[in-house]
Amino acid sequence: MKRRTFLKSTTQAGVAAGIGVFAIGCNETQKNDEKTKKPMVKPGEIAICTWGFSKANETAGLALQNGKNALDAVIDGVSVEEENLKNTTVGKGGAPDREGRVTLDACVMAPNGNAGAVVCVENITNVARLARKVMEETPHVMLAGEGAEQFAYTQGFKKENLMTEASQEAYQEWLKEKEYKPIINIENHDTIGMLTLDKNGDIAGACTTSGLAYKMMGRVGDSPIIGSGLYVDNEVGGAAGTGLGEEIMKKVGSFLIVELMRNGMSPQQACEAAVMRTVKTAKNLSDFQIAYIAINKAGETGSFSLQQGFAMMEYRNGTNTRKEAAFHLKTE
Ligand code: GLY
């Protein structure tokens with residue numbers, strides 16, 4: 001199938017599926033209401049995240065079901081991956097830069113429009129939690145490098161060596177060739193971006209990553225940049241991005257998606273439109289991956305990626321489901 005044709009069919013299918021599910025959901029709820037005279041179920045207690053981070057997403061979903069608010073739940077969720085030593089793209093165990101330093105980036109957004117971020121932080125595992133501290137305990141939105149690390153210690157975070165035996169071994173192996181390709185393997189589990197909708201209908205988000213493996217020292221991607229890796233507007237919805245941060249930043253992708261939803265697009269349509277902005281201008285499309293997830297106030301969700309191979313986790317009604325995303329380029 002030609003690429004254009006493929007996109008058209010997936011787009012229509014994706015939108016049709018999204019509308020269909022929502023319409024069926026409404027009709028069923030109405031029928032149930034008539035039978036039981038109970039009030040309509042409000043959308044809520046939904047968590048979505050990038051890639052197959054099942055445990056992280058379930059943790060957030062369960063936290064919502066147990067009455068936690070959207071912000072508390074999203075931090076609980078992404079912390080699972082930050083602490084997962086086997087994850088080489090987030091938190092402790094994340095791949096280092098070319099000099100062998102593990103530097104982490106993260107941001108959070110709260111339903112009240114507040115935001116916090118940290119970039120290029122060493123020796124701290126839970127950087128999303130640290131970003132929240134920046135948001136709540138400082139007059140700033142973003143702290144970088146040593147300043148962020150020192151602030152973490154004042155807030156009770158402990159100093160940890162983020163390099164594991166496995167990441168040290170992989171780094172030593174990389175040093176032999178020192179080959180640097182700023183390409184994110186489309187099979188690789190990259191950044192975790194997560195969005196939560198709580199029972200009050202409030203939306204929060206978090207995004208956390210170690211960024212590109214063997215990046216240049218000081219390189220920062222999209223993940224901690226408000227509007228690029230993450231954006232939440234509690235009146236409209238939220239979006240998160242993953243993949244090659246340089247391409248997401250150039251389009252301020254997550255902000256774009258929320259604005260498109262504000263203007264009437266569904267989360268699915270908005271994610272597709274954001275990927276297509278990159279398709280219009282980027283070179284060597286087959287060499288990198290970008291993907292987005294989004295949720296709106298009605299609890300509708302969407303996801304779309306440049307390349308085949310991206311999936312979103314969705315926790316809804318107590319069930320955690322992996323949803324393969326529609327995409328633009330089929331893997332040859
Ligand atoms: N999306 C993660 C990064 O580019 O750093």
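Both ligands and their constituent atoms are indexed starting at 1 by order of listing.
- Of all non-hydrogen atoms in Glu99 and Met217, the two that sit nearest each other are CG-SD, 3.9 Å.
- Put simply, the side chain of Met261 does not reach to within 4.5 Å of the side chain of Ser266, judged on heavy atoms.
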Could you give me the CA-CA distance, side-chain angles and deciding distance for Asn284 and Ser286, then say whether side chain to side chain donor-acceptor pair (under 3.5 Å) is met?
-> CA-CA 6 Å; Asn284 306 324; Ser286 55; over 6 Å; no
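- If you look at Lys215 next to ligand 1, there are no close heavy atoms at all, none under 4.0 Å.
- Remark: ligand 1 atoms within the under-4.0 Å shell around heavy atoms of Ser223 are 1 (N), 2 (C).
- The shortest N or O to N or O distance between Arg219 and ligand 1 is below 3.5 Å.
- Which parts of ligand 1 touch Gly221 is read off a 4.0 Å heavy-atom cut-off, strictly below it: atoms 5 (O).
- No donor-acceptor contact under 3.5 angstrom links the side chains of Glu314 and Asn320, judged on distance only.
- With atom 3 (C) of ligand 1 as the reference point, the heavy atom nearest to it among Asp222, Val90, Thr89 is part of Asp222.
- Here the side chain of Lys133 pairs no donor or acceptor atom with the backbone of Phe151 at under 3.5 angstrom.
- Of the options Gly245, Gly243, Ser210, the smallest heavy-atom separation from atom 1 (N) of ligand 1 is shown by Gly243.
- With hydrogens and angles disregarded, a donor-acceptor distance shorter than 3.5 Å links the side chain of Gln307 to the backbone of Phe288.
- Interface atoms of ligand 1 facing Thr191, defined by a heavy-atom separation under 4.0 Å, are 1 (N), 2 (C).
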